[in-house]
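Have a look at the structure below, then the notes.
What you see is a predicted model, and the numbers here were worked out from it, not measured in a lab. Residue numbers start at 1 and run along the sequence shown.
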Amino acid sequence: MKAYLQRLNPATGMVWYYSLQIQRDLLGRWQVIREWGRSGSPGTLRQVPYDTHEQAVAALLSLRDQLTGKGYQVVMQEGLRQDMAGYLKEMKNEPDS
């Protein structure tokens, strides 16, 4: 799962990017990998581990929503459905079997 967002400053023409993706590490945990910076320069990279895939997806969607609230626009996303947030809410309400 990936999402790539950009924000353009029309006054300066600078483009800021934010890349989000989910990958599984060698220990079986799920990582949300974030990279951000100014276009054309090396970005800052951070990884946050999660125990389950659902937690990682929820974190990625939350980050994406926070960034769009700050003016970033989603220019590319893979593996993320528009209704994924609703899907995750439904999964949390399921009784344990």
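- Between Y18 and W36, the angle of the ring planes stays under 30°, which puts this pair in the parallel group of the 30/60° scheme.
- Between A59 and V32, the shortest heavy-atom distance links the atoms CB-CG2, 4.3 Å.
- For the atom pair CD (Q31) and CZ (R24), the distance works out to 11.5 Å, reported to the nearest 0.5 Å.
- Nearest heavy atom pair, residue V57 against residue M1, reads CG2-SD, 3.5 Å.
- Of all non-hydrogen atoms in Y4 and S19, the two that sit nearest each other are CD1-CB, 4.0 Å.
- In this structure, OH on Y17 lies 12.5 Å from CG on L5, to the nearest 0.5 angstrom.
- Q77 and R64 form a side-chain donor-acceptor contact under 3.5 Å, judged by distance and modelled atom types alone.
- Here OH of Y72 is found 10.5 Å from CG of L20. Values are rounded to the nearest 0.5 Å.
- For the side-chain contact (heavy atoms from CB on, under 4.5 Å) with W30, the qualifying choice from Q55, E54, H53 is H53, the only one to do so.
- In the hydrophobic clustering of ILVMFWY residues, with side-chain heavy atoms under 4.5 Å counting as a link, V48 and L61 come out together.
- Atom CG in L67 sits 8.5 Å away from atom CZ in R34 (nearest 0.5 Å).
- Residues forming a side-chain contact (heavy atoms from CB on, under 4.5 Å) with Q23 (at least two apart in sequence, or on another chain): Q21, I33.
- In summary, the side chains of Y50 and R29 do not present any donor paired with an acceptor at a separation below 3.5 Å, with no hydrogens or angles considered.
- One distance of note links CZ of R38 with CZ of R7; it measures 12.5 Å at 0.5 Å rounding.
- Nearest heavy-atom pair across L8 and P10 is O-CD, 3.2 Å.
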